[in-house]
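The structure under discussion appears below in the form of structure tokens.
Letters A, B, ... are given to chains in the order of the sequence lines, protein chains preceding strands, and every chain is numbered from 1.
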Number of protein chains: 2
Amino acid sequence: MSKQELEVLGQDTDGACCERLASAPLDEDRATELAGVFKALGDPVRLRLLSMIASRDGGEVCVCELTPAFDLSQPTISHHLKLLRQAGLIDCERRGTWVYYWALPEALARLASFLTVPQSAGANA
Amino acid sequence: MSKQELEVLGQDTDGACCERLASAPLDEDRATELAGVFKALGDPVRLRLLSMIASRDGGEVCVCELTPAFDLSQPTISHHLKLLRQAGLIDCERRGTWVYYWALPEALARLASFLTVPQSAGANA
DNA sequence: GGCTTGTATCGATGTTCGTCTATGCAACCT
DNA sequence: AGGTTGCATAGACGAACATCGATACAAGCC
């Protein structure tokens, strides 16, 4: 249940000279990959799920705790969790009866640095 | 043509103690607002458009330069630019015959800091 | 073994989205 | 004024998506 997510976000762990939205025009394939990740964030339910998971101190959240937090059916929540996992933002493991999800902070960090504007870059607005 | 974008991304310009995905669970309304912005980034064409605009040194790009870069009709590009503008990520101005678009770096910066993981926060993956 | 509970998958359905063609509007040029 | 070019808007259409109920699977309990 644990190795289905895409490996879309680059590998430079130091986060120094990474790929950036505002550095050079994205090529088509890369844009498609990254758009998939942003699309996973582009739903209020998934954003709340990810926030609930990522802000958890222990790092892990049981599905049984996530589902009742929404006015949605259990299959719907399960579906959203699957999409977040396929986007590489979270992962999960079954332990006995329950399934636990946790965030993948490196994925979030890479996304954040991708959006970071290098230096001056406009200064409009 | 220039005051249609939403004001969804918060106001703290110092970027220090800002709202963060992994700090506390998002409430429903805020999640809906932010999801709208991520949804705007969740399309390959829009991501390439934004990248082309944000990476431009002068800061501005003429639509007449964006449209021919895609295998899409001119109205389709215009539609995507409109969505990016409504998300508060870019803005535009008509100057004579041509319309120029530029990125709003503060919006990108706020998104980036929103995704930034505070400290340890898991260390899994 | 059978029952119960937690979670995932399947199939259907209404809505949203990306794209197109056709058209409208704004600015330039004779 | 009339024609041309650049860009936006309107309406239509197929594909993708969010949601549901029904069902399957996994694990614990009796």
Between atom [atom1] in [X] and atom [atom2] in [N], what is the gap in whole Å?
X      : N      : atom1 : atom2 : result
B/F70  : D/dC7  : CZ    : P     : 14 Å
B/L81  : D/dG6  : CG    : C1'   : 13 Å
B/Q74  : D/dT9  : CD    : P     : 11 Å
B/W98  : D/dA8  : CH2   : C1'   : 17 Å
B/E65  : D/dG6  : CD    : P     : 14 Å
A/I90  : C/dT7  : CD1   : C1'   : 14 Å
B/R95  : C/dC28 : CZ    : C1'   : 17 Å
B/Y100 : D/dG6  : OH    : C1'   : 11 Å

Short side-chain to backbone donor-acceptor contact, B/R46 and B/K39, under 3.5 Å: yes
Side-chain (A/R94) to main-chain (A/G96) donor-acceptor, under 3.5 angstrom: yes
Members sharing B/W98's hydrophobic cluster (side chains within less than 4.5 Å): B/Y100
Other ILVMFWY residues reachable from B/L83 by side-chain steps of under 4.5 Å: none
Report each atom pair, protein N/O against N/O of nucleotides 11-18 of chain D, whose distance is under 3.5 angstrom.
from, atom 1, to, atom 2, distance (Å)
D/dA18, OP1, A/R46, NH1, 3.2
D/dA18, OP1, A/R46, NH2, 2.8

Watson-Crick or G-U stems of DNA chain D, 3 or more pairs, under 3.5 Å, by first number: C:1-30 with D:1-30
Among D/dC7, D/dG6, D/dA10, the nucleotide that comes nearest once only the side chain of B/P75 is considered: D/dA10
Under 4.0 angstrom between [X] side-chain N/O and [N] OP1 or OP2:
X      : N      : result
B/Y101 : D/dA8  : yes
B/S73  : C/dC20 : yes
B/S78  : D/dC7  : no

Parallel, tilted or perpendicular, as decided by the 30° and 60° cut-offs, for the rings of B/F114 and B/F38: tilted
Where at least one partner belongs to residues 66-76 of chain A, residue pairs that pass side chain to side chain donor-acceptor pair (under 3.5 Å), sequence neighbours excluded: A/S73-A/T76
Distance, nearest 0.5 Å, that separates CG of A/L41 from CG of B/L21: 7.5 Å
side-chain contact (heavy atoms from CB on, under 4.5 Å) involving B/D29 - partner list, sequence neighbours excluded: B/D27
Shortest non-hydrogen separation from A/A69 to A/M52 and the atoms involved: CB-CE, 3.7 Å
